[in-house]
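Protein chains get the first letters and strands the later ones, always in sequence-line order, with residue 1 at the start of each.
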2 protein chains.
Amino acid sequence: MQLKRADVVTGALTLLDTDGLDGLTMRKLGALLGVQAGGIYWHFTNKDALLDAMADRIVEAVTATPLTEGPWDARLAEVAHRLRRALLTHRDGARVVAGTYVLEPNTVRGGEQAMRILTDAGFPADRAGWVLFATMYYVLGHTIEEQAQQAQGDWAQRGSGLPDSELSRALDSVVRADPEERFAYGLDLLLDGVRLRFPGGRS
Amino acid sequence: MQLKRADVVTGALTLLDTDGLDGLTMRKLGALLGVQAGGIYWHFTNKDALLDAMADRIVEAVTATPLTEGPWDARLAEVAHRLRRALLTHRDGARVVAGTYVLEPNTVRGGEQAMRILTDAGFPADRAGWVLFATMYYVLGHTIEEQAQQAQGDWAQRGSGLPDSELSRALDSVVRADPEERFAYGLDLLLDGVRLRFPGGRS
DNA sequence: ACCTGAACACCGTTCAAGT
DNA sequence: ACCTGAACACCGTTCAAGT
């Protein structure tokens, strides 16, 4: 049975879950697929191209089902939540996606979808682009940190090493919070700003 | 003349500027410092510890001079702008700082400073922590992307490879904008959200 | 205390050659 | 078309031994 491009991506995501992004090597992936490391290069020109394909696979779930109807801000929030969930599906998923400025199918589809939410609501295209990217920075940053905490529990300890101070309480509040609640809070800060600038005023 | 810890950091930042984060290797750094690669390990336990120290050095400028007096939101914006400027001072500076969850002196000082701005304004400590982290995600995400564009001009082209669509216009608006203006815009979206939740109401 | 020399156990990538 | 085998040019890190 021959190896297909999609099989390589699937295997790579399996390896990602067990060994993490830093443990993902072409040799280990070859072993997992029953192939020499060099053989992978027939399917992908290099490791970065494989990572791009992995990122696009991770992001597939975001556009898999149609969005619920509703006001633009609720729809944009849903996209953000879907993206977070998709990133959390695989170990280091956020880092994988953040590291690739891809224009592969699912990534493009998701971007189009989000842009249309804003432009349909009357936002000019250029400002909509700025809003979209700002939102992406937040989602990726938040989720990268979430997964960093998951990986190494030492995150919580580091704060305790600090003398009792403003910052140590900030770390505490971040570490101890329900991640989803904290995510929604920060997203809402941003969306408030957008709502204020929305041509139709507050929604 | 013997090598001091600070000299290693300075050399590493020089190498960072010329070779980028991916080109920063212990062997090249050794050569630059006139030392074997292994010799560096007397000063730093490993490469990550060195990267932490580099991050803290990069971030030094943020707290170097006192903030201008004024309302809390203007002060927080100034911190964000200072951080962006500091990150832009060195090639891949944003990636270096984003990759390290450090509690080194300057990082702590900066965190304390930002937290105090919020708590002095009456924000409860836990929400202030959430706001602080959300802001950091935005600043780092924005600046990482800024530096990625600087590095490889192909970013602009990728958009042109796309068929004319909502997303291609989004990419255009991002690539062609004045980075500082776009940064300020997104930061203001977030600060608007914070202002709405500020105990004292809009400032 | 501070560094050398040399090794260990890896990497990503290439490419003739096989089937 | 799809992959093997083997090499090339690197990595980070360790550690006895030197000064």
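- Here A/Phe183 pairs with A/His81, A/Tyr138, A/His142 under the ring-ring contact (aromatic ring centres under 6.0 Å, His included) rule; sequence neighbours left out.
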Base-pair string, DNA chain C, Watson-Crick plus G-U, cut-off 3.5 Å on both distances, | for inter-strand, is ||.|||||...|||||.||
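- Side-chain atoms of A/Thr63 and A/Arg82 include no donor-acceptor pair closer than 3.5 Å.
- Less than 4.0 Å separates DNA chain D from no heavy atom of any residue of residues 2-21 of chain B.
- In the model, A/Thr18 has no side-chain atom that pairs as donor or acceptor with a side-chain atom of A/Arg91 under 3.5 Å.
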Once base and sugar-phosphate atoms are separated, protein heavy atoms under 4.0 Å mark nucleotides 4-19 of chain C, 5' to 3', with B, S and - as BB-----BBBB-----
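- Within the 4.0 Å cut-off from OP1 or OP2 of D/dC3, at least one side-chain nitrogen or oxygen of A/His43 is found.
- Contacts classified as side chain to side chain donor-acceptor pair (under 3.5 Å) and involving residues 24-44 of chain A (residues at least two apart or in different chains) are given here: A/Asp19-A/Lys28.
- Here the closest non-hydrogen pair linking B/Ala170 and A/Gly129 is CB-CA, 3.9 Å.
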Exercise for review: Might you work through the salt bridge (Lys or Arg N to Asp or Glu O under 4.0 Å) test for B/Glu146 and B/Arg84, ending with a clear yes or no?
Suggested key: CA-CA 10 Å; B/Glu146 251 184 275; B/Arg84 170 170 171 273; 2.8 Å; yes
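- For B/Thr119 and A/Arg169, the side-chain atoms include no donor-acceptor pair closer than 3.5 Å.
- By the salt bridge (Lys or Arg N to Asp or Glu O under 4.0 Å) test, B/Asp164 is found to be paired with no residue, residues two or more places apart in sequence or in another chain being considered.
- Between B/Asp188 and B/Arg195 a salt bridge is recorded (basic side-chain N to carboxylate O distance below 4.0 Å).
- Nucleotides D/dA9 and C/dA9, compared at atom P, are 22 Å apart to the nearest Å.
- Ring orientation note: the planes of B/Phe123 and B/Trp72 are tilted relative to one another, at an angle of 30° to 60°.
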